Amino acid sequence: MPSSPQELATLDQQHLWHPFTAMRQWCAPDHTPLMLVEGNGCTLRDQFGKEYLDGNASIWTNIHGHNHPVLNAAISAQLGKVAHTSFLGFTHEPAIRLAKELVDLLPGGKLTRAFFTDNGSTAIESAVRMALQYWKQNGSPQRDTLVAFDRAYHGDTLGAASLGGIPLFKGSGNDFGYRVITVPSLESLESLSAAEQARIAAVIIEPLIQGAAGMRLWPQGMLKALDGWCRQQDVFLILDEVMTGFGRTGKMFACEHEGVVPDFLCLAKGLTGGYLPLAATLTSERVFEGFLGEPHEGRTFFYGHSYAGSQLGCAAALASLQIFRDERVLEELSAKIARLGELMKGLNDARQCGMIAAMTIDSPDLTLGAKASLAARRHGLLTRPVANTVVLMPPLCVTLDELDRMVAALRAALEDIKAPA
Ligand code: PLP
């Protein structure tokens, strides 16, 4: 089997198909794929030994850094027992403990149940299916409609994509089956006709900030007001915290900033510290009880995935929560958030939500974001743009010095491509 970096790159170009990637350009003879071979903290090393700062936390997943000894040890210890067993009809200690720890993170005791899947899209899909099935079998079958927001991104499975408001990510362009109303704002939701409002099963939102839309911030107080509207109408509120969960916004969950506890909280990416695929949909006892019945009544939630509640994933997630406590991760964030804000000052349309920062290159040429990211690589920074928006979302363990270096690399990259920033 070939093992030189060049031979491996050639094999990649011959046999792989990468997500969200223009493959003609990827496979071009003059393109050398970046192969990441090692990591430590915020640093990643490529096949040639060059080091980079992980400025997008490995697609918004990594929380405590790469190669964290506590996470490594927890996964190894679990591996020494068993890696994976079915969660359909069986249970295991890591999932039981994790469910308890997760529901205890939210105040008020409203969320009591954890349903495990293995990625963000399926965490969303579970919530959507639960909401629709709940109303169908609990006396309100007319509630068959989901409300989502313009420019939303909730994942790629057909169910999750049907909620998306970014045409590029709709693929075939179909609406994939669910009845979805897309609104730009809370005000337009409020102004839907009474007949339409009566059909709403749930409203879904990325709280505080829409990620894939290019880090668009919601006005302060919007989430609280939306929650109030949902309570008044007795409509379920689904919060997609796939990106914002686990400290990204400065608190464990974004909904804490506005004192909101939703009916469904969807978690993925950072749940395992960014180590393994695991997702959770948290919900209330009310929803759970709506699915209880005798088998012949057909009230059961017939949905799930082979790797649901993976033992390794749950062990990693428990270790990640342990690190949050032991390393006082949230308490350490305020200085980093302040520094990130300082550093971004002066960049075009700079914005920030906790440890998430972004700026947008002011140009109709929408290739500049990608060019800036490529240039940043030369300066030792890995990041990935959303069109012309360049995002910095480092692991939470980032140091002040690393933040300085990340933004310096970003500025140098913008200079290199002469971006009007
Ligand atoms: N929801 C949000 C807000 C996301 O940012 C993403 C992914 O970027 C998803 C859902 C989908 O998660 P996954 O890629 O794990 O399916």
Side-chain angles (χ1 to χ4, degrees), residues 18-21 54-63 115-129 131 146 148-166 168-171 176 178 180 182 202-218 223 226 237-249 253-255 262 264-282 303-310 313 316-317 320 353-358 383-387 389 391-393:
H18 289 264
F20 289 93
T21 301
D54 188 358
N56 93 336
S58 296
I59 201 68
W60 312 345
T61 59
N62 194 285
I63 301 285
F115 184 84
F116 289 119
T117 55
D118 46 30
N119 64 72
S121 306
T122 53
I124 300 294
E125 192 126 343
S126 306
V128 163
R129 284 175 179 246
L146 301 157
F149 287 90
D150 278 355
R151 311 286 300 151
Y153 180 77
H154 298 294
D156 291 339
T157 59
L158 295 186
S162 67
L163 301 164
I166 303 177
L168 181 67
F169 301 139
K170 291 257 191 192
F176 310 135
Y178 293 119
V180 178
T182 305
V203 179
I204 181 164
I205 188 168
E206 297 158 81
L208 301 198
I209 179 167
Q210 287 186 318
M215 301 303 154
R216 285 174 81 208
L217 299 171
W218 288 112
L223 182 63
L226 175 63
L237 177 63
I238 304 174
L239 292 189
D240 177 348
E241 294 232 25
V242 169
M243 177 187 80
T244 52
F246 301 102
R248 285 288 175 221
T249 66
F253 301 117
C255 58
F264 296 92
L265 183 66
C266 301
L267 306 169
K269 290 187 185 281
L271 173 58
T272 60
Y275 265 53
L276 288 166
L278 182 73
T281 303
L282 306 186
Y303 177 88
H305 295 272
S306 310
Y307 283 97
S310 136
S320 173
C353 181
M355 291 297 285
I356 306 169
T383 175
R384 187 180 163 86
V386 183
T389 293
V391 179
L392 276 187
M393 199 188 301

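Owing to the predicted nature of the structure, the values given are computational and were not obtained by experimental measurement. Just so you know, ligand 1 is whichever comes first in the structure, and atom 1 is the first atom listed for that ligand.
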Handout entry: Side-chain heavy atoms of Val128 within contact of His154, under 4.5 Å
Key = no
Handout entry: No-hydrogen, no-angle side-chain donor-acceptor test under 3.5 Å, Thr117 and Thr122
Key = yes
Problem - Which segment of Trp60 sits under 4.0 Å of ligand 1 when only heavy atoms are counted - result: side chain
Exercise for the section: Say whether Asp240 and ligand 1 are in contact under the criterion: heavy-atom distance to a ligand atom below 4.0 Å. Expected result: yes
Exercise for the section: Check each of Glu241, Met243, Lys269, Glu125 against atom 7 (C) of ligand 1 and report the one with the nearest heavy atom. Expected result: Lys269
Problem - Flag, side chain of Ser162 to backbone of Gly159, donor-acceptor distance under 3.5 Å - result: yes
Fill in the blank from the handout: Checking heavy atoms under 4.0 Å, the part of Ser121 that sits near ligand 1 is both
Exercise for the section: Taking the side chain as every heavy atom from C-beta outward, state whether Ser121 and Ile124 have any atom pair closer than 4.5 Å. Expected result: no
Handout entry: Heavy atom of the protein closest to atom 15 (O) of ligand 1 (residue, atom name, distance)
Key = Gly120 N, 2.8 Å
Exercise for the section: Taking all non-hydrogen atoms of both residues into account, name the closest pair between Ile209 and Met215 and its distance. Expected result: CD1-SD, 3.8 Å
Practice task
Please identify which atoms of ligand 1 are closer than 4.0 Å to at least one heavy atom of Gly155.
Solution key: 10 (C), 11 (C)
Problem - Side chain, backbone, both or neither: the part of His154 lying under 4.0 Å from ligand 1 by heavy atom - result: backbone
Fill in the blank from the handout: closest protein heavy atom to atom 6 (C) of ligand 1 is Tyr153 CE2, 3.6 Å
Practice task
Examine Asn119 against ligand 1 and note whether any of their N/O atoms are separated by less than 3.5 Å.
Solution key: yes
Fill in the blank from the handout: of all protein heavy atoms, closest to atom 9 (C) of ligand 1 is Val242 CG1, 3.7 Å
Practice task
Measure the acute angle between the ring planes of Phe253 and Phe246, then classify it against the limits of 30° and 60° as parallel, tilted or perpendicular.
Solution key: perpendicular
Exercise for the section: Compute whether any side-chain donor of one residue and acceptor of the other, for Asn62 and Ser58, lie under 3.5 angstrom apart. Expected result: no
